[in-house]
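Side chains are part of it too, since the values below use all heavy atoms of this structure and drop only hydrogens, waters and symmetry mates.
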Amino acid sequence: MACGTLHAIGAGPGAPDLLTLRAVDILKNADAILAASSTANSYSACLEIARDWIRPEARIVKLDFPMTRDSRELEAAWRKAADTALEILEQVEDAAFLTIGDPLIYSTFGYLYRAMLAMRPDVKIDIVPGITSFQAAAAKTGRILCESTEILKIIPGILPEKELGRELADDSCAVVLKVYRNYQAIYRAMRQNGRAGEAILASNIEKPDEKVDMGLEPGLKLPYMSLLISPPPGGES
């Protein structure tokens, strides 16, 4: 049976005008739009970002991704989402899967991608890169992330404190994502490595309620969409 193409679109950090021209062109012609949403509610931030370019007659499908670390529950959700996506591709020529930031950086798309390929190795998938939240935060502050022989390190903030400390112990510029739940451990690891004072803390970047601060304080309660940019200790701020 003929199968359409799934375009995985990075919707950027939050501002509609940071979608790429390629993404907008695909959205204007897609027959179906797929987007991840939490099983706790039906809201999809990436749908809100892209709404102005989605055809009124396009089919909107929200794929449930539970907020859990239970591997069996997650794998079942990914298989179900992949099965839904493949069914849609049998009915339409072009479908788009929207994800915040870039599809290949800490994205729900990665799980969907592997599950779809496992079920149907010949499925046609086109990946459209997007601007990440840390790129947008760096642009807001004028922070050069790396140049010449410098190293940029991307760290998931959900790591245990000791591992965070090890990752932050060198002289790389570090981006820490997913910081909202584990902030206190991240703060201690940053402080231990002399990074807390110069770190950039950005929340809801490129959204109406964005907030960008220099320096970290203990005990902060952060929004879900929060990240840190940490220059090397003693480096340029």
Within this structure, what is the CG-CZ distance for the pair L112 and R79, rounded to the nearest 0.5 Å? 13.5 Å

Answer yes when D209 and K211 have at least one side-chain N-carboxylate O distance shorter than 4.0 Å, and no when they do not. no

Which pair of non-hydrogen atoms, one from V175 and one from L152, has the smallest distance, and what is that distance? CG2-CD1, 3.9 Å

Without swapping roles, check the side chain of S148 against the backbone of E150 for a donor-acceptor pair under 3.5 Å. no

In the single-linkage hydrophobic clustering (I, L, V, M, F, W, Y; side-chain heavy atoms under 4.5 Å), do I131 and V212 co-cluster? no

For Y111, the ring pair (Phe, Tyr, Trp, His ring centres under 6.0 Å) test, sequence neighbours excluded, returns W78

State plainly whether the residues D64 and K62 are in salt-bridge range, i.e. N to O under 4.0 Å. no

Heavy-atom side-chain proximity of L74 to F65 below 4.5 angstrom: no

Looking only at non-hydrogen atoms, find the nearest pair between A30 and A58 and report the distance. O-CB, 3.8 Å

Residues in side chain to side chain donor-acceptor pair (under 3.5 Å) with T132, at least two apart? Q135

Quick one: does R195's side chain have a donor or acceptor within less than 3.5 Å of a partner on S230's backbone? yes

I'd like to know if E48 and R51 make a salt bridge, using a cut-off of under 4.0 Å between side-chain N and carboxylate O. yes

Restricting to pairs with a member in residues 5-26, which pass salt bridge (Lys or Arg N to Asp or Glu O under 4.0 Å), not counting sequence neighbours? none

How close do A136 and P13 get, heavy atom to heavy atom, and via which atoms? CB-CG, 3.7 Å

Just by distance, do the side chain of Q184 and the backbone of G219 share a donor-acceptor pair under 3.5 Å? yes

Qualifying residues under ring pair (Phe, Tyr, Trp, His ring centres under 6.0 Å), relative to Y224, sequence neighbours excluded: Y180

Student check: side-chain heavy atoms of L228 and L216 closer than 4.5 Å: yes

So, S107 side chain and L104 main chain: donor-acceptor pair closer than 3.5 Å or not? no

Contacts satisfying side chain to side chain donor-acceptor pair (under 3.5 Å) that involve residues 163-174 (not counting sequence neighbours) are K153-E167, K153-D170, D170-S172

Can you sort out the partners of E57 under salt bridge (charged side-chain N to carboxylate O under 4.0 Å, His left out), two or more places apart, ordered by chain and number? R55

